[in-house]
Amino acid sequence: MNEHKAEGKLDQLKGEAKKQWGKLTDDHSKEDEGKFDKVKGKVKEGIGKLEDKLS
């Protein structure tokens, strides 16, 4: 697993945790931040998969 894929999975995990915490505490900004982190993680993971295919 390359660095981008690992970072992407970690960002997705952190994003899900933030999203759930935002729902639990009714903090919409934290929930939105979590959603953004998940998307950012998916993009990084996609870049990592593309790098694997190219190498």
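Worth knowing before you read on, the calculation uses all heavy atoms, side chains too, and leaves out hydrogens, waters and symmetry mates.
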Got a sec: does the NZ of Lys5 have more than 12 other heavy atoms crowding it under 6.0 Å? yes
Do other residues, nucleotides or ligands put more than 12 heavy atoms under 6.0 Å from the CD atom of Glu3? no
Hey, are the side chains of Leu10 and Glu7 touching, using non-hydrogen atoms and a 4.5 Å cut-off? no
Is a donor from one side chain sitting under 3.5 angstrom from an acceptor on the other, for Gln12 and Glu16? no
Lys/Arg-Asp/Glu bridge criterion (N-O < 4.0 Å) met for Lys49, Asp52: no
Any side-chain heavy-atom pair of Asp11 and Lys14 under 4.5 Å: yes
Pick one: which of Lys18, Lys40, Lys38 meets salt bridge (Lys or Arg N to Asp or Glu O under 4.0 Å) with Glu33? Lys18
Using modelled atom types only, decide if a donor and an acceptor are shared between the side chain of Asn2 and the backbone of Gly48 within a distance under 3.5 Å. yes
Distance (rounded to the nearest 0.5 Å) between Lys9 NZ and His4 NE2: 15.0 Å
Just how far is it from atom CD of Gln20 to atom CD of Glu31, taken to the nearest 0.5 Å? 8.0 Å
